[in-house]
Protein chains: 2
Amino acid sequence: MKANVLIVEDESPILELLALNISQAGYNPLRAISAEHAEKLINEALPDIILLDWMLPGMSGIDFAKKLRSNTLTKTIPIIMLTARSDELDKVRGLEVGADDYITKPFSPRELNARIKAVLRRKAPELTEDLLKINGLELDPVSHRVSGNNKPLEMGPTEFRLLHFFMSNPERVYSRSQLLDKVWGSQIFIEDRTVDVHIRRLRNILTQSQHEGLIQTVRGSGYRLSTK
Amino acid sequence: MKANVLIVEDESPILELLALNISQAGYNPLRAISAEHAEKLINEALPDIILLDWMLPGMSGIDFAKKLRSNTLTKTIPIIMLTARSDELDKVRGLEVGADDYITKPFSPRELNARIKAVLRRKAPELTEDLLKINGLELDPVSHRVSGNNKPLEMGPTEFRLLHFFMSNPERVYSRSQLLDKVWGSQIFIEDRTVDVHIRRLRNILTQSQHEGLIQTVRGSGYRLSTK
DNA sequence: GATCGTATGACATTTATATGACATTTTAAT
DNA sequence: ATTAAAATGTCATATAAATGTCATACGATC
């Protein structure tokens, strides 16, 4: 599950540079040369994060950010602003319209990737590759392995993604619909009740290391991973 | 809290078929036989989602979609286009004018309902996520947990919502019908006296941490959450 | 003490979740 | 290509929890 990074930048060389960088960092770059172009891409599939140039022909970056923030569908997508100069005023305005971070050109690839990672970790931790440990339960996104109290646990892909998501967002209730969106994907059409079945499968597997209590039912609301 | 689904379809048998389906799926169907007719209905009450036939007499579906998108009031209403053929070009044009999804005839009831659900679940409004604390009583909307003096308190969904509402609006009296509106929902037909029962249930639970006095009866008026 | 509004316990019903089974689809191996 | 194995989504049923209503008891107010 590579994160989709939408880059909105009108200068083609910079755009390509960014895209190269991003794909090397393990993300999936999407290119847009204007706000209008970006909107089209967003209509097809919501990106996980947006890199947005401050200066754009047509709709400016800051107006576009505002627009994104005013739409329910896009308001939670993290935005990193790209600005030419390190102007404090720009920074303030950027944060005002809801940018999550911002970076001034020229920037080092390392810094850019670090910031993307930081923002993702905050907003969509399930898209990072961090090793997750909770109460003796370990999930390694890189090797794609799970173990409970050092005992390897075998599970299907869906259960893995479900557990990955829960471990990335512990102590938080998710409705079945939210889980379908986050774990299955928003373009998928399956029954709410199917979530129950996968929860049960996951719990069954976690039983091997007495971790099944981690996945809790919150009646009327959904499910939660919690150590309490 | 049934979602209102506006169906715009000129062929009466198909319209009825759709309406039947939609009401069986737990939504409330509104019927329109033309774009003009649909506009009238929209003026009366904004639907939650619109199923829009591609081919319509008078204003075409695509023009109507464009019109809806250009109006502030209606631009955020999700639209699902109904098209006769699976023409890629149509799909592109549909997405261009801002349809959220589209489905080709003939379609299975299941697929249709799944798509409606998928589109609706994405536009769910977000509730406030702030941790509420009053006098040692804590309610966390995120993890969906309540504790009194650090002791976990278990309660049913209705009691949770009731307490959530009171803690969000402390020191203020609400009549039984106001509570029914705010906590149960406005279209629900329930006896006033039932509120009493849930108040008692809530108080019983709060007794575990000596917080039952927080919920006060205001004779002749209703109930209030107050620390005084 | 009569009246009115509220509290309480019991109960039938409704609603939500858990579970086991199954048909199909996907994936991997040969 | 063929086959076997694994995974997936759905359904029917079982189980559990929550809900709304009522009858009755209680307490305040006049």
Side-chain angles (χ1 to χ4, degrees), chain A residues 144 146 152-165 173-181 183-185 187-207 212-225, chain B residues 1-2 24-26 108-115 117-118 144 146 153-165 173-181 183-185 187-207 212-225:
Chain A
H144 216 270
V146 182
L153 298 174
E154 304 289 336
M155 63 185 73
T158 305
E159 283 71 38
F160 182 86
R161 271 181 284 128
L162 188 57
L163 182 59
H164 187 189
F165 178 73
V173 176
Y174 290 94
S175 71
R176 290 172 177 73
S177 294
Q178 286 177 313
L179 290 171
L180 285 175
D181 266 7
V183 177
W184 275 259
Q187 80 292 10
I188 290 279
F189 309 106
I190 59 182
E191 295 290 321
D192 272 15
R193 292 279 134 226
T194 300
V195 174
D196 300 29
V197 178
H198 284 277
I199 289 282
R200 176 173 57 90
R201 286 171 181 157
L202 180 54
R203 279 175 175 158
N204 278 346
I205 292 155
L206 296 181
T207 305
E212 71 280 7
L214 276 182
I215 308 290
Q216 305 174 348
T217 303
V218 181
R219 184 166 249 265
S221 297
Y223 298 96
R224 153 183 78 197
L225 181 147
Chain B
M1 300 255 244
K2 279 203 257 184
Q24 280 178 345
S108 75
R110 165 167 304 156
E111 184 185 359
L112 175 66
N113 289 330
R115 283 179 190 252
K117 193 188 284 182
H144 213 274
V146 182
L153 300 174
E154 305 287 339
M155 63 186 73
T158 305
E159 283 70 53
F160 184 88
R161 271 181 284 128
L162 188 57
L163 181 59
H164 192 349
F165 176 73
V173 180
Y174 290 95
S175 71
R176 290 171 177 73
S177 28
Q178 283 178 313
L179 289 171
L180 284 175
D181 265 12
V183 177
W184 275 258
Q187 298 137 301
I188 296 268
F189 172 64
I190 290 179
E191 295 291 323
D192 270 17
R193 291 281 133 221
T194 299
V195 174
D196 300 29
V197 178
H198 283 278
I199 290 281
R200 175 176 57 89
R201 285 172 182 156
L202 180 53
R203 280 175 175 159
N204 277 346
I205 292 153
L206 296 181
T207 305
E212 72 280 6
L214 276 181
I215 308 291
Q216 306 174 348
T217 304
V218 181
R219 195 181 172 83
S221 300
Y223 299 95
R224 162 181 70 198
L225 181 147

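Everything numeric in this text was worked out from a predicted model, so none of it was measured. Residue numbers start from 1 in every chain, and the chains themselves are labelled A, B, ... in the order their sequence lines are given, proteins ahead of strands.
- The terminal axes of the helix from C/dG1-D/dC30 to C/dT30-D/dA1, fitted over 5 pairs per end, subtend an angle of 40° to the nearest 10°.
- Within 4.0 Å (heavy atoms only), B/Thr194 reaches at least one base atom of the nucleic acid.
- For B/Thr207, the side chain to side chain contact (heavy atoms under 4.5 Å, CB included) criterion is met by B/Glu212, not counting sequence neighbours.
- Rounded to whole Å, the distance from NE2 on A/His198 to C1' on D/dG9 is 6 Å.
- Under the side-chain hydrogen bond (donor to acceptor under 3.5 Å, both in side chains) criterion, B/Thr158 pairs with B/Arg161, sequence neighbours left out.
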Check nucleotides 26-30 of chain D against the protein and report each pair of N or O atoms closer than 3.5 Å, with its distance, or say if there are none.
residue : atom : partner  : partner atom : Å
D/dG27  : N2   : B/Arg219 : NH2          : 3.0

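- Judged as a ring-ring contact (aromatic ring centres under 6.0 Å, His included), and not counting sequence neighbours, the contacts of B/Phe160 are B/His144.
- Among C/dT6, D/dG9, D/dA18, the nucleotide with an atom closest to any side-chain atom of B/Arg193 is C/dT6.
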Only pairs under 3.5 Å count here: list side-chain donor-acceptor contacts from residues 199-206 of chain B, not counting sequence neighbours, and write none if there are none.
residue  : atom : partner  : partner atom : Å
B/Arg203 : NE   : B/Ile215 : O            : 3.1
B/Arg203 : NH2  : B/Ile215 : O            : 3.0
B/Arg203 : NH2  : B/Thr217 : OG1          : 2.6

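- B/Phe160 comes within contact range of no nucleotide atom at all, as no heavy-atom separation falls under 4.0 Å.
- A search for salt bridge (Lys or Arg N to Asp or Glu O under 4.0 Å) contacts involving A/Arg193 returns A/Asp196, not counting sequence neighbours.
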Acceptor/donor pairs from residues 218-225 of chain B side chains to any protein atom, 3.5 angstrom cut, sequence neighbours excluded:
residue  : atom : partner  : partner atom : Å
B/Tyr223 : OH   : B/Arg176 : NH2          : 3.1
B/Arg224 : NE   : B/Gln216 : OE1          : 3.1
B/Arg224 : NH2  : B/Gln216 : OE1          : 3.1

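- Among the nucleotides C/dT6, D/dT10, D/dT19, the one closest to the side chain of B/Tyr223 is C/dT6.
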Using atom names, set out every protein N or O paired with an N or O of nucleotides 9-14 of chain C below 3.5 Å, distance rounded to 0.1 Å.
residue : atom : partner  : partner atom : Å
C/dG9   : N7   : B/Arg200 : NH2          : 2.8

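- At whole-Å resolution of the value, CD1 in A/Ile215 and P in C/dT19 are 13 Å apart.
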